[in-house]
Amino acid sequence: MVGGVQAGILAACIVLFLPMGMAGWHLSRNRVLFFSAALFITLAVGVHLMPYFPSISDIFSSFTSSPSVDKSNSPMPCESVLHEVDWQENEGFDDNNSSSFNGSRTWQWNAQAFESGCGFQRLNRTDTLDLLNGSWIAVAGDSEARYLVLSLLELILESTESISENLFKRHSDYEFVLEERGLKVDFIWAPFAVNLTRFLGNVRRGGRYPDVLVMGTGLWHMLRVTNASHYGEALRRLQNSVVSILPLSPHFGTEGFDADRVVVQAPHMFWLGIPTLINGMLNTEAKRQKMTREMCAAYAEELHKSKLLRSTGGPLMLLDIESLSRGCGPDCTDDGMHYKGAVYEAAVQIMLNALLVESQQVNF
């Protein structure tokens with residue numbers, strides 16, 4: 001293209017200035033005739049060079065228009081700042097109360113989150129019940145998912161003393177129903193990705209899908225299999241199962257129904273991330289040897305490549321327990337893996353605010 005423009009300019013110089021010079025010698029006594037001939041030659045050359053140059057409107061628009069951004073796979077603006085939180089000491093914490101689940105640290109959305117104009121808020125019991133009224137919430141995963149359920153139920157109920165024993169039965173499922181609100185919360189014990197895939201198969205065969213689905217896995221696989229590539233393969237099979245339960249819209253062509261159908265992204269699906277593991281605090285030698293920082297990074301990379309998360313074009317929004325637990329710090333964990341309730345409470349509030357943001361966008 002550059003060579004074509006240069007050739008055009010050279011041709012213009014020859015076509016324009018050579019005739020004008022000759023005309024100037026012959027027509028020097030008649031200036032009107034000289035300038036008329038020069039104008040005619042200039043216009044003729046301009047017409048022939050026009051294809052090599054952008055139009056004036058194009059040049060102007062290049063200065064006034066903003067660059068286009070492909071937002072097809074980018075997170076929603078409010079979603080991108082949901083995890084922008086700051087941590088500080090809880091002034092009302094009673095250190096003598098060893099049964100305190102939330103711990104000595106508390107959190108709040110930081111200046112960046114507030115400046116976004118998204119209006120994030122910490123929902124109270126009434127707000128949460130109104131938001132989740134008539135909903136089925138399914139949380140499937142390992143002990144991290146179980147702690148998330150506990151934080152959600154602490155927000156819904158006035159007291160969780162009567163349910164804690166059943167909720168924390170080792171390697172078992174749990175179901176909670178609040179009949180007056182038509183609200184159901186299920187915890188499904190699924191420590192491996194294959195368990196999550198099997199659960200989704202049961203959901204698909206049952207024909208009824210949860211209104212809110214939270215899944216997460218990785219800790220058990222890291223400890224017992226310790227193979228990031230194998231974990232990635234399991235996540236990709238899980239991703240196929242997730243896509244299979246999403247609603248599908250038919251794509252019609254000129255000759256009727258097309259076999260290809262376009263996946264419509266389900267709005268209420270979340271992935272519960274692996275927490276920050278503090279190796280020196282892990283309570284067994286096997287955990288300290290296998291659950292290293294390098295292994296955690298490898299597992300995180302496989303999650304990224306699995307296309308499960310919205311940030312990589314998938315359907316699940318990440319509840320970033322890793323960043324939340326890192327922000328809370330070592331004082332928020334006793335075993336380097338499971339954190340105080342404030343971390344999971346923050347994740348619950350982030351999830352609820354994500355639901356609010358999505359519902360407002362749908363209504364809009």
Side-chain angles (χ1 to χ4, degrees), residues 137-150 167-175 185-206 209-210 212-246 266 269-277 279 282-309 312 314-322 325 335-339 344 347 351:
I137 297 97
V139 182
D142 52 24
S143 55
E144 294 295 316
R146 201 188 297 270
Y147 277 113
L148 186 82
V149 171
L150 177 60
L167 174 60
F168 281 89
K169 281 185 178 179
R170 186 175 176 81
H171 303 172
S172 63
D173 298 345
Y174 176 79
E175 177 183 285
V185 179
D186 277 334
F187 168 71
I188 300 92
W189 173 247
F192 293 99
V194 65
N195 303 127
L196 296 175
T197 302
R198 189 175 299 119
F199 164 68
L200 292 179
N202 294 336
V203 168
R204 185 172 60 252
R205 286 187 290 273
Y209 303 140
V212 179
L213 174 62
V214 183
M215 299 186 295
T217 183
L219 291 176
W220 275 57
H221 193 284
M222 192 183 302
L223 178 61
R224 289 165 170 77
V225 182
T226 324
N227 186 318
S229 298
H230 184 274
Y231 177 67
E233 293 172 4
L235 290 183
R236 284 184 281 277
R237 288 191 292 271
L238 174 62
Q239 195 267 355
N240 292 333
S241 294
V242 172
V243 171
S244 72
I245 72 167
L246 295 178
M269 303 180 74
F270 300 88
W271 180 264
L272 189 64
I274 293 176
T276 297
L277 299 182
N279 190 269
L282 298 177
N283 55 18
T284 70
E285 184 61 28
K287 291 179 181 178
R288 289 189 290 271
Q289 288 181 355
K290 296 180 178 182
M291 308 178 86
T292 63
R293 179 179 299 180
E294 293 76 16
M295 189 59 66
C296 289
Y299 272 58
E301 177 64 21
E302 291 298 331
L303 173 62
H304 178 82
K305 293 191 297 186
S306 70
K307 305 295 184 182
L308 274 168
L309 303 181
T312 58
L316 278 71
M317 175 187 156
L318 176 66
L319 295 177
D320 195 354
I321 295 294
E322 193 274 334
S325 56
D335 63 2
M337 179 184 297
H338 303 99
Y339 282 76
Y344 306 101
M351 179 184 73

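Given the structure is predicted, the values throughout are model-derived calculations rather than measurements. Note that the numbering runs from 1 along the sequence shown for the chain.
For the pair Ser172/Arg146, a side-chain contact is recorded, criterion being any heavy-atom separation below 4.5 Å from C-beta on. With a 4.5 Å cut-off on side-chain heavy atoms, Leu309 and Trp271 count as touching. The side-chain heavy atoms of Lys305 and Thr312, taken from C-beta on, include no pair separated by under 4.5 Å. Between Asn195 and Thr217, the closest side-chain pair of non-hydrogen atoms is not below 4.5 Å. In this structure the side chain of Val242 reaches within 4.5 angstrom of the side chain of Leu200, judged on heavy atoms. The side-chain heavy atoms of Val203 and Pro210, taken from C-beta on, include a pair separated by under 4.5 Å.
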Step-by-step side-chain contact (heavy atoms from CB on, under 4.5 Å) determination, Asp173 to Asp186 = CA-CA 8 Å; Asp173 298 345; Asp186 277 334; over 6 Å; no

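Contact record, Ala347 with Leu148: CB-CD1, 3.8 Å, taken as the closest heavy-atom pair. Between Arg198 and Arg205, the shortest heavy-atom contact is O-NH2, 4.5 Å. Taking each heavy atom of Leu196 and Gly141 in turn, the nearest pair found is CD2-N, 4.2 Å. For the residue pair Ile188 and Ala138, the shortest heavy atom distance occurs at CD1-CB, 4.2 Å. Among all heavy-atom pairs drawn from Asp142 and Pro191, the shortest one is CB-CA, 4.2 Å. What you find for Trp189 and Ser143 is that their closest heavy atoms are CZ3-N, 3.8 Å.
The structure places CG of Asn227 at 7.5 Å from CE of Met295, a figure rounded to the nearest 0.5 Å. Note that OH of Tyr231 and CD of Glu302 are 9.0 Å apart. Values are rounded to the nearest 0.5 Å. With values rounded to the nearest 0.5 angstrom, Arg288 atom CZ is found 13.0 Å from Leu277 atom CG. Taking OG1 of Thr226 as the reference point, atom CE of Met291 lies at 8.5 Å (rounded to 0.5 Å). Considering CG of Asn279 and CE of Met337, their distance stands at 10.0 Å, rounded to 0.5 Å. Summarising the geometry, atom SG belonging to Cys296 is positioned 14.0 Å from atom NZ belonging to Lys290; distances are rounded to the nearest 0.5 Å.
When each of Ile245, Leu308, Val214 is tested with Met269 by the rule side chain to side chain contact (heavy atoms under 4.5 Å, CB included), just one qualifies, namely Ile245.
A donor and an acceptor atom, one from each side chain of Tyr344 and Glu144, are located under 3.5 Å apart. In the model, Arg237 has no side-chain atom that pairs as donor or acceptor with a side-chain atom of Asn240 under 3.5 Å.
In summary, the aromatic rings of Tyr147 and Phe168 are positioned with their centroids under 6.0 Å apart.
No donor-acceptor pair closer than 3.5 Å links the side chain of Thr276 to the backbone N or O of Ser325.
Relative ring orientation between Trp220 and Phe192 is described as perpendicular, the plane-to-plane angle rising above 60° on a 0-90° scale split at 30° and 60°.
Salt-bridge formation is not detected for the pair Arg236/Glu233: no Lys NZ or Arg NE/NH1/NH2 atom is positioned less than 4.0 Å from an Asp or Glu carboxylate oxygen.
In the displayed structure, Arg224 atom CZ is contacted under 6.0 Å by more than 12 heavy atoms of other residues, nucleotides or ligands.
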